[in-house]
Every structure is written in C-alpha cells, then in structure tokens.
Amino acid sequence: MNRFDLIRILADGELHSGADLAEHFQVSRTAVWKHIESLDELGLVCERIQSQGYRLERPLGLLDPSTIQQQLEASGEDVDLVVLNEVDSTNRFLSDRIRQHSSKSTVCLAEYQTGGRGRRGKQWVSPFGANLYFSMLHRFDISTSQMLGLSLVVGVAVIRLLRSMGCSDVGLKWPNDVLYKQKKLGGILIEVSGETGGPCQAVVGIGLNVDMPPNAEIDQAWSDLNAALDTVVDRNALAAGLIAELNIAFGVFSQHGLAAFRDEWSQLDVLNGQELTIDMGTQKFMGCGRGVANDGSLLVEIDGVVKPFSSGDVTVRRVM
Ligand code: BTN
C-alpha cells in the first residue's frame, strides 16, 4: 500500500474509518495514519473526525487512463498515453524520452507535480488531483525557425476546446496565457529540439486550472474551469478533448504555419489596442499592442513605429 492507493479510496469524499482502511490494506492503523499525515504535502486536506475516521475535504475525480483511451479511440486518436500519480514535471518526463521517441505522439498526464515548470523559470503550482498537468511530445517535419509560432497555435487549440465546453469570455495574453475574465486559467510551456532544417520534436506542456484549492499560493489573479463553467469538469474528458484539438491544430500548423491561425488569434488577443509595458530584464519598452507577426512575435507600436518582440514580460499599463 502507498499513499496513492489510500487516496483512491478517500477520493469519494466519504468518511472512512481507520480500522476499515487498515483492514482493507492489511496494514496497521498507525501505518494508515502516517500516510494520511503525508497527504498534506500533496496539497490535500484530510479531516480527522474523532472516533469516526478520515474524510477528504474535497472529493476528487481521478485521472483514469482506460477512460481517456476509450474516448481517444472513439475519436480516432492514436497516441501513447502515460498517466502518473506523481512526477517532478510532465514536460521534463517527456523531454527525457525525446531520443526514444517514435513518430507516434506521447502524452504524459500527472495527478501531482513536485517541480511543475512555468514560463520564465517560475514554479507551476500543481496540487494533487486538482487540475490538468498535461504534456505532449510531438514530431513536426518542419524547421526550428518555423516552430516559433507553435505556442500561439496551442493557445488557439486550448481556447477552441474551452469554447466547445461552453466557456465564453476567454482570451489569450501573448505569448500563451489562457485567461478567463482577465484571470489566469492556464499556461503553456513549449520546449523544442531538433535539426535546424527539421524535423523537430516539441514537448507541449499545458497546465489548466480545473478545481484549484482556494488557498493556493499563486502570485496573480487566477480562475478555474469549475468556477468558469459552474460545474464539476471531468478531467479525463478534458484530457481526451485536448489531445484531439491539438492533433487537429498540429496538422494545420505543419502544412500552413501560423498564418492559418492569425485571424483567430487576433480575436482572442487581450493585448490588442492596449497600452503595454514590455519588460526585457535590462530594458523596458512602452507602446500599444498591435497583434502578432507571422513568426509569432508580439507587435507593439512605439512612437508611431510598429516593432516586433520575440520575448519579454508584458503587462497592461493602467492609463490615468
Ligand atoms: C506558464 O507559466 O504560464 C506556463 C505553465 C505551464 C505548466 C504546465 S503543467 C504541465 C507541464 N509540465 C510542466 O512542468 N509545466 C507544464
């Protein structure tokens, strides 16, 4: 027995006595208690009710590889799927497998990331069972320079999925923050390797907030899908839907590049027409958002001249 076996029993949110759990797993009640104590580290709150037992504060709908596979087969998707209880980072897991990678895509999902990676070296808060931590390793038969727009394309694919689920008021903040009512709903982190002239391998990492605990320590305004849709979102269906949308978008991107997505992207662009500050670390620029170029860089009008930015931290300036 390990703590993940215990979580599978407690996931229903019902009360389970220490004696029943100990009997079920053929271990002592002290062993059960020790595992319960360790759930805290995973971001799970487990209540202990005197003389009655243990109960998770919030029930969990866990990831189930066979359910995801069934949904993928029904929609004709063919990927290798890896579902983990715990990993440092799903992106790192797949990056380590690039050399063994066949032409078939691999998807890695985890219930919990100990070192979830965000953009610009930030940590991605990844409590157990709460959200979607998703990475897809995909091979593109195009050159590395053509890959620059991929993160924008992935943003569009995510928004298509969210809209198909009934989520409106969603947008994209360059390069790839997924927003709901201007609050962060998800993020995208892409790592590309390969020959300059192609082919390339991309690890496309997507974090989507589904049922983030209210006390999560996140340094910006955020939202989650359960709140946005006012329902309990099924993460298995969400994962299968994401794979299908990405496969469609990857096919179009490989053939036609970012140009095929630019119009859709500009309709979702929350920075367009806004007064912006672009922080490049050593230098700051101020100007007005003017959409994106065909290579995926952000276009900003500064003193009447439109300039491309391929990196930088962008914030909207409040004009007094
Ligand atoms: C961002 O900072 O906005 C990008 C966040 C990307 C997070 C996802 S979660 C799944 C995948 N694994 C990681 O370590 N990071 C990405």
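In each ligand, atom 1 is the first atom listed, and ligand 1 is the first ligand listed.
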A.B. asks: Please step through side chain to side chain donor-acceptor pair (under 3.5 Å) for the pair Q146 and S143, ending with a clear verdict.
C.D. replies: CA-CA 5 Å; Q146 288 172 290; S143 66; 3.1 Å; yes
A.B. asks: Can you report which non-hydrogen protein atom sits closest to atom 8 (C) of ligand 1, along with the distance?
C.D. replies: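 Nearest protein contact, heavy atoms only, for atom 8 (C) of ligand 1 is G207 N, 3.5 Å.
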A.B. asks: Provide, to 0.1 Å, the distance between atom 5 (C) of ligand 1 and the closest protein heavy atom, together with that atom's residue and name.
C.D. replies: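 Minimum-distance protein heavy atom for atom 5 (C) of ligand 1 reads W124 CE3, 3.3 Å.
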A.B. asks: Considering the heavy atoms of R119, write down every atom of ligand 1 situated less than 4.0 Å from one of them.
C.D. replies: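 In order of number, 1 (C), 2 (O), 4 (C).
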A.B. asks: Please determine whether the number of non-hydrogen atoms from other residues, nucleotides or ligands lying under 6.0 Å from atom CD of E23 exceeds 12.
C.D. replies: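 Not buried by this count: 12 neighbours or fewer within 6.0 Å.
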A.B. asks: Give a yes/no verdict on whether any heavy atom in K122 is under 4.0 Å from an atom of ligand 1.
C.D. replies: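 Heavy atoms of K122 never come under 4.0 Å of ligand 1.
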A.B. asks: What part of K184 sits under 4.0 Å from ligand 1 if we count only heavy atoms: the side chain, the backbone, both or neither?
C.D. replies: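 Side chain only.
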A.B. asks: Just let me know how N176 lines up against ligand 1, side chain, backbone, both or neither, with a heavy-atom cut-off below 4.0 Å.
C.D. replies: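 None of N176 does.
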A.B. asks: Any side-chain heavy atom of L15 within less than 4.5 Å of one from E47?
C.D. replies: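 With C-beta onward as the side chain, the pair stays apart.
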A.B. asks: Show me which atoms of ligand 1 lie under 4.0 Å from any heavy atom of T90.
C.D. replies: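 Within the 4.0 Å cut-off of T90, ligand 1 contributes 10 (C), 11 (C), 12 (N).
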A.B. asks: Would you call R163-E245 a salt bridge at under 4.0 Å N-O?
C.D. replies: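 No, this pair does not count.
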A.B. asks: Taking the six-membered ring for Trp, are F140 and F253 parallel (under 30°), tilted (30 to 60°) or perpendicular (over 60°)?
C.D. replies: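 F140 vs F253 ring planes: perpendicular.
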A.B. asks: Should you measure from each heavy atom of G116, which atoms of ligand 1 turn up under 4.0 Å away?
C.D. replies: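 Listed by number with element: 14 (O).
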A.B. asks: Does Q182, at its CD atom, have more than 12 non-hydrogen atoms belonging to other residues, nucleotides or ligands within less than 6.0 Å?
C.D. replies: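 No, CD of Q182 has 12 or fewer neighbouring heavy atoms, counting only those of other groups under 6.0 Å.
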A.B. asks: For R117, counting its heavy atoms only, list the atoms of ligand 1 lying under 4.0 Å from any of them.
C.D. replies: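 Listed by number with element, the hits are 5 (C), 6 (C), 7 (C), 13 (C), 14 (O), 15 (N), 16 (C).
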A.B. asks: Return the closest protein heavy atom for atom 9 (S) of ligand 1 as residue, atom name and distance.
C.D. replies: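 Protein heavy atom with the smallest distance to atom 9 (S) of ligand 1: Q113 NE2, 3.5 Å.
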A.B. asks: Report yes or no: does a heavy atom of R120 sit under 4.0 Å from some atom of ligand 1?
C.D. replies: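 R120 does not count as a contact of ligand 1 under the 4.0 Å cut-off.
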A.B. asks: Are C108 and R97 side-chain neighbours, meaning at least one heavy-atom pair lies under 4.5 Å?
C.D. replies: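 A side-chain contact is absent here, since even the closest heavy-atom pair is not under 4.5 Å.
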A.B. asks: Examine distances only and state if a side-chain atom of N226 and a backbone atom of D211 form a donor-acceptor pair shorter than 3.5 Å.
C.D. replies: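 Absent.
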